[in-house]
Amino acid sequence: MLDQPMPLPGTTRRPVAPMFDPALLRPALFGALRKLNPLTLVRNPVIFSTEVVAALVTALALQAVLQGGAWRFPAAIAAWLWLTVLFATFAEAVAEGRGRARAASLRRARTETPAKKLLRADDHTLYGPCAAAELRVGDLVLVEAGDLVPSDGEVVEGIASVNEAAVTGESAPVIRESGGDRSAVTGGTLVVSDWLVVRITAAPGSTFLDRMIALVEGASRQKTPNEIALDILLAGLTIIFLIAVVALVGLASWGGQPPSVPVLAALLITLIPTTIGGLLSAIGIAGMDRLVRFNVMATSGRAVEAAGDVDVLLLDKTGTITFGNRACVGFIAAPGVTQQQLAEAAVFASLGDETPEGRSILAFARDRHGIAAMAPPAGAQLVPFSAQTRLSGLDLDGARWRKGAVDSLVQADRATLPPELAQAVERIARQGSTPLAVAKDGVLLGAIELKDIVKPGIRERFASLRRMGIRTIMVTGDNRLTAAAIAAEAGVDDFLAEATPEDKLRTIRAAQAEGRLVAMCGDGTNDAPALAQADVGMAMQTGTQAAREAGNMVDLDSDPTKLIEVVEIGKQLLITRGALTTFSIANDVAKYFAILPAIFVASYPELQALNVMGLASPESAIMAAVIFNALIIVALVPLALRGVGYAPVGAAALLRRNLLIYGLGGLVAPFIGIKLIDLILTFIGAVP
């Protein structure tokens, strides 16, 4: 059984700091003291109640000191009640401290970077240098080799190699270029070569890096629905136990021996679920922290919890299942057309295509046929590629060159597809490549083969998702033959071909209408509506700004199968919370046997039979229970931060394991712990 989800091959995992690093513990201690502020603690009803009771017992102990009465026992009870509150706030402070340590490395990348602001993108006229903080949404900046990108933005011109190690932790530079799904750049990253013109898309203080820092530090973390529901349950249990303790006062008074207020305070605090109340917030923060370790940024704990229940996953093909850089790998000429003629026509038809695919066609024609890319001839009218028409081309002196999807070109030019060319197109599609047709003046000259490469190891990772009960659906704008070939190679369960943004939305809504939780992975602007609709929308860091804004998670490694780790972390978060809640409630049974006989044995000697642990005295029993109640929080902090081990098993097996380990353990541990503390107290003579 693993304590943490193991990273699959190809997954980046950030180094793990020691659980109790002294550099983290000292700030955490001061943070725990600051959290004792009642205005802060009131959000946690269980621990707030403990603080109120601790203050009351402290006041009674001080009163006893001033009046010369017995003060040692109430003072000891008050001290351990205060330690209970401190240990609870310390758990949360440690979790936040680990997040702040991770944020420190991110903050080093957020500097006051000088920016080269432009008047216009077309002539690179400098408006003048300015600070990154002075940039506003829509401003244009020039970033050259050796410059830091001053803020988040979209590349509108140029192509360059960018080192994103400050954000992703990956030292290998990536390509950023205009006109595609790899046009987003992040503030604080370094341009290694060439230059870019970037349009700023984020206001100062709201960049991707700023949001990452705030999320990692926990500053913008809100309670999830499950946390809120559990808070309500814990508050309800606290009220019930308070009523029960008050009722016991009347019962004991009727017997003639009413218990003292410190004893009643000890009874109340040991019976209310202080263990889970003290660890609940730390569990949620630690879940976010574990995501960061796997290079995934979530905008809320709600998204992490939802990931734990996901059972349908939609993945965009290009850039998600495949690398996304489709390249030209061949020309297939129609009967009666030479390869050179086809290559020349493909070059003319691609002069207006600024997509990476269009550029790869020009590069292939140059390398294989010696046709260098040229500027459009004078008087030529370019037809840029459009996602609606799926065509590009050039018009010159009455001649028309067109290139694009086969069905679109046949329909637009009303051309006839020769049988030999139709067979070649079908063969290309069956191989998982993308066929494009080339035509001149409405006559089809041949086809172009674009090949998209499936990411290595992805089939095995989809098999892991299937074992976890998650159904995978690939969505793509390609034709059905191409989509079927890629789906078979990648190992997904189903696919949606020729998909529009509306098709993706309909698919997600249909699954949600059946009561399923849907996750969507994507990187393009056309994926943004689906990412926003999905219960878990994970955008790729290499994707567009629109996709990153729409999703509630961003994968800094741009690995769509990272959802395996995200799902495991989400399930681990829910399991950890349930396990510690089970343990906390089971603890109360043993505390009943420790405290109740001690309180009522004077009035009802028959209750001595319930003293199954053989505790030395009523005072020793009460003190041992209070001490155990405080120390168990500290003992469980590592488990809350690390998480309960997760394995892909069914709900019934998981419930049995929870009850066996944490239910039974919660019953047995207090009997052992309270008895040991009682022996120690008796040995050192700490109680009468």
Side-chain angles (χ1 to χ4, degrees), residues 102-217 219-220 295 297 299 523 525 539-551 554-556 558:
R102 300 189 193 284
S105 61
L106 298 174
R107 188 175 282 106
R108 286 193 289 270
R110 187 186 61 181
T111 59
E112 283 299 318
T113 309
K116 302 171 183 175
K117 190 174 178 181
L118 300 179
L119 283 174
R120 298 192 306 274
D122 53 0
D123 62 0
H124 294 187
T125 301
L126 284 176
Y127 179 81
C130 66
E134 299 175 14
L135 295 173
R136 296 295 180 265
V137 176
D139 287 347
L140 297 171
V141 294
L142 175 65
V143 192
E144 300 174 295
D147 292 345
L148 289 174
V149 177
S151 184
D152 294 357
E154 292 270 14
V155 178
V156 296
E157 187 179 351
I159 179 171
S161 179
V162 179
N163 186 339
E164 297 186 337
V167 176
T168 66
E170 176 57 54
S171 58
V174 296
I175 300 299
R176 289 290 177 264
E177 58 186 334
S178 61
D181 287 344
R182 298 175 183 270
S183 60
V185 289
T186 304
T189 55
L190 176 69
V191 175
V192 179
S193 67
D194 302 294
W195 56 269
L196 299 170
V197 175
V198 177
R199 179 184 292 111
I200 302 301
T201 58
S206 60
T207 65
F208 180 69
L209 205 57
D210 288 316
R211 295 199 307 274
M212 285 175 64
I213 292 170
L215 290 168
V216 171
E217 288 182 330
S220 61
N295 263 8
M297 297 304 306
T299 59
D523 65 343
T525 301
M540 304 293 104
Q541 166 66 10
T542 56
T544 62
Q545 186 75 15
R548 294 193 299 182
E549 293 286 347
V554 177
D555 176 20
L556 303 181
S558 298

Side-chain touch Trp195/Val143, heavy atoms, less than 4.5 angstrom: no
Beyond-backbone contact of Val141 with Ile200, side-chain heavy atoms, under 4.5 angstrom: yes
Considering all heavy atoms, the nearest Gly153-Val198 contact: CA-CG1, 3.7 Å
Side chain to side chain, Asp194 and Ile159, heavy atoms closer than 4.5 Å: no
Nearest atoms (heavy-atom pairs only) where Arg199 meets Val156: NH1-CG1, 3.0 Å
Worked verdict on Asp152 versus Val185 for side chain to side chain contact (heavy atoms under 4.5 Å, CB included): CA-CA 6 Å; Asp152 294 357; Val185 289; over 6 Å; no
Nearest heavy atoms of Val149 and Val191, plus distance in Å: CG2-CG2, 4.1 Å
Nearest-0.5 Å distance, CG of residue Asp139 to OG1 of residue Thr201: 11.5 Å
Closest approach of Leu196 to Arg176 (non-hydrogen atoms, all atoms of both residues): CD2-O, 3.6 Å
Asp147/Lys116 under side chain to side chain contact (heavy atoms under 4.5 Å, CB included): CA gap, chis, key distance, verdict: CA-CA 10 Å; Asp147 292 345; Lys116 302 171 183 175; 2.9 Å; yes
Contact check, side chains of Glu157 and Val155, non-hydrogen atoms, under 4.5 Å: no
